[in-house]
2 protein chains.
Amino acid sequence: MKFDTVIYNGLIVTVNPEFDIIERGMVCIGGQTILEVRPMTDNAPLPDAHRLIDACGGIVMPGLINTHTHLPMSLFRGLADDLPLMEWLNDYMFPAEAKHINHESVRYGSLLSCGEMMLSGTTTCCDGYFIEDEVAKAVHKAGIRAVLGHGVIDFPAPGVPDPEENVRTAADYVKKWKNKYPLIYPSIFCHSPYTCSAKTLVKAKETAVSEDILFQIHAAETRTERLQTREEHNKTPVGYLDDLGILDEKTLLVHAVWVDPKDIELISGHGSAISIATESEMKLSSGIAPVQGFIDAGIRVGLGTDGCASNNNLDMFQEMDMTSKIQKVNCLDPTVLDAASVLKLATIEGARSIGLDDRIGSIEPGKDADLIIIDTNAAHMTPLYTPVSHLVYSGAGAVVRDVMVAGRMIVENRKITTFDIDEVMDRTASIAEGIFHG
Amino acid sequence: MKFDTVIYNGLIVTVNPEFDIIERGMVCIGGQTILEVRPMTDNAPLPDAHRLIDACGGIVMPGLINTHTHLPMSLFRGLADDLPLMEWLNDYMFPAEAKHINHESVRYGSLLSCGEMMLSGTTTCCDGYFIEDEVAKAVHKAGIRAVLGHGVIDFPAPGVPDPEENVRTAADYVKKWKNKYPLIYPSIFCHSPYTCSAKTLVKAKETAVSEDILFQIHAAETRTERLQTREEHNKTPVGYLDDLGILDEKTLLVHAVWVDPKDIELISGHGSAISIATESEMKLSSGIAPVQGFIDAGIRVGLGTDGCASNNNLDMFQEMDMTSKIQKVNCLDPTVLDAASVLKLATIEGARSIGLDDRIGSIEPGKDADLIIIDTNAAHMTPLYTPVSHLVYSGAGAVVRDVMVAGRMIVENRKITTFDIDEVMDRTASIAEGIFHG
């Protein structure tokens, strides 16, 4: 056999540098790798392959990359809405986490989130949470690709009762998971400049540097944070992180809503990346990040859903749609973040922002086969003039039919093949009973 | 038999004045009418009924009401995106309409839109377009409820080559469809204050008044329109319409983005209603309507998707989600338009805005049985603390399992029962081929 899998009869949106779209094409896969991407030839037989998958004229595109989430927080989906960030965090999320986050709840919450992501076309996520060891086990079971950051915060946290041990715990986790499985990339996630001391931030970043891994941090999310950082350090949040030496090419700043042109220059100058999380930033009314400004400054930008307690789902199609639309109306310019640009944020640019663009983010020979097949045979996807438009403006997660990660089918015909999602839904519903009753 | 249909084992979100939610309840229907809404009693047998429908613990709620759309424009979905309103209208939509809108294309475009709406839980829409006679036939075939406005514009339009005949054509259409079918409510839809002369606007409104029907008009959509109306009439668009005597309780102003406090006072004083169309207003970067201000002023407000050429779908779940989030971030206040408030806009308040709240918009005895059943057995709807939160923030159209209009099941287990959607998709795809090639 020449190939392991051939996906044929697909409308291929490659997201390669030329943004090639092949109207009727095939993707040929060997092992975990894309070997060929080409148009179909009339009357030519299909290539030899162990498995032939008919895309039925649907769209074949790179798997979506969610650059910011907190997987176990699916447990808290819809528990508390319509509240300011600080009240939501301090009165609802932190107490619920203190009481209900443990190995079991993290396991099932993470699997639930993995299932939701897979069924809506996300093949890679970038996570930050606690008891991240359990998150990693869940992600490995689910079969998706993930950058998984162990949380660091200067309060007692799930799995880290003594904050003095926070960076050491994260470092131990990183050592355990580094190079263990090819799809899991350990990382360190400092919660924020206002919940971690300067000493903690520096120590955590030093650990990340010595391990050569991604360092993630929420930064410049709210106006309150900006004012508070000005008060305490006479700096912007980004300026403060720069002073501490936190900004480099392996730092991912999450949110970056309250930034000024000098902050953008700093981020750009250090080559740091940004993950925005539009729906969460809107729902918590944090503000609107100047995304076009980031792009214009050459900053790598990815799109995240945030934890689904503040969104309240992990649907990257809806995230693309809302990101494009809010940026347009905020700039009063409908040409801003057109469909192709926002699709790139959710694929190749997301991959760049977490340092994985040599492996994923586009359908190109040599890259890992992380891709999804979209069923376009639906009323809301008809007629079809421009596939990219439909992906961003017409679709939602339910359009996804099949999902492949590193050559392995993890969703087939809308069914997860790697674990029992019904069991996970039952387990999380039980855990939620306990959370609801306090 | 006591009832025609009983829907049982449902989590009933009634949207009645008390906003009652029944955790495990039933809705009993006779003919087109809801007769009883009540909790289930353990061990009590189900009532006698011709048909028993098990909601399987899913949410039973009023059908969604889309207060602004242009049904045939599904033909142009994704044809032209990321453009300013005037360029999009003048260079793409108007020419495409002039060339490709005819009885056949209106019929299939309307059926496609009906199918999309039904499958995503919309039971009533308020439309405005041309060749509205064909729209009405399609809507009747589909079995949804609709206010259908014949378009009036001072240019040659599809089906109205001579603009001198525009109001007369609309009046003839109204006479033909008035009281013909109980689910179809004819209306007159003037395109806008800038495409209709004062004379046309007045004549059209007079016709609507004499027929006692809804008068719809796009108004105050863009900054350009506001500036132009100031230039030409030294008024705001709303002030200008007031001068012409257009504002009364049977006028629905669509968009109302560029309004000032005095405009809001005028609208409120005359008892006119507003349909916002958040996604369209964002995508075309028209602006953000002061929705909370409308509500505070006692104005009836409904939610519309607009035509799906400018959205690009008819999914009212996504419309609710985006409306809540954009209003929150625009006000920098996450308590604005909470989940229950926005759910009301899409149901009972939508019904009020088009004058149908005595019949629809809530699940209450005496009202028509327009309701939908939501499948909550999905990863992205798990766990479930608060159904209203999931409806607004977690769901999208694909969560809809069943749809009933006036006691008749028009979608059963995600399949349309009233017409062949596959045929319609094939026909619209063929029509789109012609549109794409000019």
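All values reported here derive from a predicted model rather than from experimental measurement. Every chain is numbered from 1 and lettered A, B, ... according to where its sequence line falls, protein lines coming before strand lines.
- Counting non-hydrogen atoms of other residues, nucleotides and ligands closer than 6.0 Å to CZ of A:Phe436 gives a total of 12 or fewer.
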Using distance alone, with no hydrogens and no angle check, list the donor-acceptor pairs under 3.5 Å between chain B and chain A.
residue: B:Leu75; atom: O; partner: A:Tyr385; partner atom: OH; Å: 2.5
residue: B:Arg77; atom: NE; partner: A:Thr382; partner atom: O; Å: 2.8
residue: B:Arg77; atom: NH1; partner: A:His380; partner atom: O; Å: 3.3
residue: B:Arg77; atom: NH2; partner: A:Ala379; partner atom: O; Å: 3.1
residue: B:Arg77; atom: NH2; partner: A:Thr382; partner atom: O; Å: 3.2
residue: B:Gly78; atom: O; partner: A:Thr386; partner atom: OG1; Å: 3.4
residue: B:Asp81; atom: OD2; partner: A:Ser389; partner atom: OG; Å: 2.6
residue: B:Asp82; atom: OD1; partner: A:Lys328; partner atom: NZ; Å: 2.7
residue: B:Asp82; atom: OD1; partner: A:Tyr393; partner atom: OH; Å: 2.4
residue: B:Asp82; atom: OD2; partner: A:Ala339; partner atom: N; Å: 3.2
residue: B:Glu279; atom: OE1; partner: A:Lys325; partner atom: NZ; Å: 2.7
residue: B:Ser285; atom: OG; partner: A:Asp333; partner atom: N; Å: 3.3
residue: B:Asn311; atom: O; partner: A:Lys325; partner atom: NZ; Å: 2.2
residue: B:Asn312; atom: N; partner: A:Tyr393; partner atom: O; Å: 3.3
residue: B:Asn312; atom: O; partner: A:Ser394; partner atom: OG; Å: 3.0
residue: B:Asn312; atom: ND2; partner: A:Ser389; partner atom: OG; Å: 3.4
residue: B:Asn313; atom: ND2; partner: A:Ser394; partner atom: O; Å: 3.2
residue: B:Lys325; atom: NZ; partner: A:Glu279; partner atom: OE1; Å: 2.7
residue: B:Lys325; atom: NZ; partner: A:Asn311; partner atom: O; Å: 2.2
residue: B:Lys328; atom: NZ; partner: A:Asp82; partner atom: OD1; Å: 2.7
residue: B:Asp333; atom: N; partner: A:Ser285; partner atom: OG; Å: 3.3
residue: B:Ala339; atom: N; partner: A:Asp82; partner atom: OD2; Å: 3.2
residue: B:Ala379; atom: O; partner: A:Arg77; partner atom: NH2; Å: 3.1
residue: B:His380; atom: O; partner: A:Arg77; partner atom: NH1; Å: 3.2
residue: B:Thr382; atom: O; partner: A:Arg77; partner atom: NE; Å: 2.8
residue: B:Thr382; atom: O; partner: A:Arg77; partner atom: NH2; Å: 3.2
residue: B:Tyr385; atom: OH; partner: A:Leu75; partner atom: O; Å: 2.5
residue: B:Thr386; atom: OG1; partner: A:Gly78; partner atom: O; Å: 3.3
residue: B:Ser389; atom: OG; partner: A:Asp81; partner atom: OD2; Å: 2.6
residue: B:Ser389; atom: OG; partner: A:Asn312; partner atom: ND2; Å: 3.3
residue: B:Tyr393; atom: O; partner: A:Asn312; partner atom: N; Å: 3.2
residue: B:Tyr393; atom: OH; partner: A:Asp82; partner atom: OD1; Å: 2.4
residue: B:Ser394; atom: O; partner: A:Asn313; partner atom: ND2; Å: 3.2
residue: B:Ser394; atom: OG; partner: A:Asn312; partner atom: O; Å: 3.0

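- At a 4.5 Å heavy-atom cutoff, the contact between B:Leu83 and chain A is made by backbone atoms alone.
- With chain B as partner, the option from A:Cys308, A:Gly395, A:Cys331, A:Pro84 having the largest number of non-hydrogen pairs under 4.5 angstrom is A:Pro84.
- For the options B:Leu75, B:Leu314, B:Leu119, heavy-atom pairs under 4.5 Å to chain A are most numerous at B:Leu75.
- Partners of A:Val329 under the side-chain contact (heavy atoms from CB on, under 4.5 Å) rule, at least two apart in sequence or in another chain, are B:Met282, B:Ile288, B:Ile326.
- Contact of A:Leu79 with chain B is made through backbone and side chain together, with heavy-atom distances under 4.5 Å.
- By number of non-hydrogen pairs under 4.5 angstrom with chain B, the leading residue of A:Ile421, A:Ile435, A:Val336 is A:Ile435.
- Ranked by heavy-atom pairs shorter than 4.5 Å toward chain B, the options A:Pro334, A:Ala396, A:Ala379 are led by A:Pro334.
- With chain B as partner, the option from A:Gly287, A:Gly109, A:Pro387, A:Ala429 having the largest number of non-hydrogen pairs under 4.5 angstrom is A:Gly287.
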